[in-house]
Amino acid sequence: MIRQRRHQRALSLSLPAPLPSCEFLHHNNLSSSSSSPLSSTSSTNSFTVDNVLDLEKVAVLGHGHGGTVYKVRHKHSANVYALKVLRFDEGEMKIQQEAAVREAEILKRVDSSFIVKCYGVFDNEVLDTDNGGDLCFVMEYMESGSLLDILNICHTLPEKVISVVGRRVLEGLHYLHGMQIVHRDIKPSNLLINSKGEIKIADFGVSIVAKTNEEHEWCVGTCAYMSPERFDSERWNGGDCDGFAGDIWSVGVVLLECFVGRYPLIDPGQKLDWATLMCNICFAEKMVLPDKASPEFRNFVWRCLEKDWRARGTVEELLDHPFVTTCCSASVEGLLGNASETSTQKSEPSLAKWPD
Ligand SMILES: Nc1ncnc2c1ncn2[C@@H]1O[C@H](COP(=O)(O)OP(=O)(O)OP(=O)(O)O)[C@@H](O)[C@H]1O
């Protein structure tokens with residue numbers, strides 16, 4: 001539902017001027033049938049896919065609210081990519097296209113080892129007519145799936161792994177926030193892991209550029225990971241917020257989830273509904289963390305889950321926090337042991353969407 005709502009709004013982004021070599025922003029006819037790229041990535045990324053018809057489907061990697069992600073192989077180079085195929089509903093085509101264009105604009109500009117790379121955006125029907133879509137993103141293939149997949153297998157992670165995860169995500173947010181990009185949907189299924197065990201941030205479907213004069217709706221993203229000022233803007237002065245603090249809140253929820261092995265802001269016996277989430281996120285007392293958590297981890301999580309966004313830790317502050325400065329490796333690979341096979345047992349909190 002929130003994905004639908006996201007498509008129903010015509011949000012606009014104020015972004016830096018496009019690179020001279022980039023065709024994308026000048027190409028408005030998204031419904032045309034073309035197999036040439038609408039967009040390449042920035043000049044520092046080598047653009048390796050120039051015709052989507054050179055990609056052959058290998059497997060389905062997963063389904064999201066907007067479409068399907070395939071593992072694909074480039075026929076000539078044998079390089080493997082993830083192909084995200086978005087579908088637009090009839091009747092909402094224009095608004096959905098605008099949302100997808102915004103996502104593509106952001107993806108085109110980001111180039112960081114902490115962010116899943118996008119190698120091209122195409123507007124054609126691909127692979128075969130049954131599975132064709134309306135807009136396709138050729139993405140870096142992340143072999144080990146998502147943090148959600150890892151949690152499905154391991155249930156909980158040791159603190160030393162969580163600190164590596166935290167550091168990587170903070171580095172990614174530091175990069176994004178430096179470019180004025182607010183992600184707005186940090187959650188386990190949007191943190192992907194490659195064969196080297198490196199975690200990267202993915203999915204910019206509801207991201208925005210902050211500090212512009214544009215009006216942004218704040219109640220978008222995934223409810224369960226949403227900060228108080230985004231959940232209840234009026235009470236928590238969300239109107240004054242630039243949005244960066246909301247990403248930090250989500251990091252705190254994700255890391256705590258890795259520690260306790262379940263969504264942490266709802267007690268096991270509590271019903272997962274919108275009202276309970278609202279109460280727990282916006283009104284509950286400071287959370288009591290498990291005894292077994294180290295003082296560093298507790299303090300880190302509390303700095304992230306500070307309800308008042310103005311008092312919450314910033315990305316710069318948290319990158320200097322002892323919990324993430326002492327982490328032993330830039331990769332989670334060795335620490336995760338046998339958790340390389342994916343599983344689909346666990347899902348994110350089912351009330352992941354904003355209720356109508
Ligand atoms: N670049 C990638 N490499 C490998 N697997 C991927 C990649 N991108 C996505 N996936 C897999 O495909 C699944 C679906 O991704 P998608 O971004 O469409 O939706 P989602 O993030 O799971 O859900 P939502 O649409 O609610 O955000 C992911 O959960 C992940 O397992």
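Atoms within a ligand are numbered from 1 in the order they appear, just like the ligands themselves.
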Discussion item. If you measure every N or O of H63 against every N or O of ligand 1, does any of those distances drop under 3.5 Å?
Written reply: no
Worksheet item: So among R73, H74, K75, which one has a side-chain hydrogen bond (donor to acceptor under 3.5 Å, both in side chains) with S77?
Response: H74
Worksheet item: Heavy atoms only: which of D185, V80, L192 is nearest to atom 6 (C) of ligand 1?
Response: L192
Worksheet entry | Evaluation steps, side chain to side chain contact (heavy atoms under 4.5 Å, CB included), between F244 and V315 | CA-CA 8 Å; F244 300 126; V315 74; over 6 Å; no
Worksheet item: Which atoms of ligand 1 sit under 4.0 Å from any heavy atom of G64?
Response: 18 (O), 19 (O), 23 (O), 25 (O)
Worksheet item: side-chain contact (heavy atoms from CB on, under 4.5 Å) with C154: which of L157, T156, L151?
Response: L157
Worksheet, complete the sentence: Among V60, V69, L86, the residue with a heavy atom nearest to atom 10 (N) of ligand 1 is V69
Fill in: K187 heavy atom under 4.0 Å from ligand 1
yes
Worksheet item: For ligand 1, which atoms sit closer than 4.0 Å to a heavy atom of G62?
Response: 12 (O), 13 (C), 14 (C)
Worksheet item: Which of the atoms in ligand 1, numbered in the order shown and given with their element, are less than 4.0 Å from a heavy-atom of D203?
Response: 17 (O), 21 (O), 27 (O)
Worksheet item: Do we see a donor-acceptor contact under 3.5 Å between the side chains of D273 and T276?
Response: yes
Worksheet item: At a non-hydrogen distance cut-off of under 4.0 Å, which region of N190 contacts ligand 1 (side chain, backbone, both, or neither)?
Response: side chain
Item to complete: Could you tell me whether the side chain of D203 and the main chain of G205 form a donor-acceptor pair under 3.5 Å?
Response: yes
Discussion item. So, applying side-chain hydrogen bond (donor to acceptor under 3.5 Å, both in side chains) with E171, which one of R167, H174, R168 is it?
Written reply: R167
Worksheet item: Counting each atom of ligand 1 from 1 as listed, which ones have a heavy atom of K84 under 4.0 Å away?
Response: 17 (O), 18 (O)
Practice prompt. Report the distance from atom CD of Q180 to atom CD1 of I106, rounding to the nearest 0.5 Å.
Written response: 12.0 Å
Item to complete: With heavy atoms of A82 as the reference, note each atom of ligand 1 found under 4.0 Å away.
Response: 1 (N), 2 (C), 3 (N)
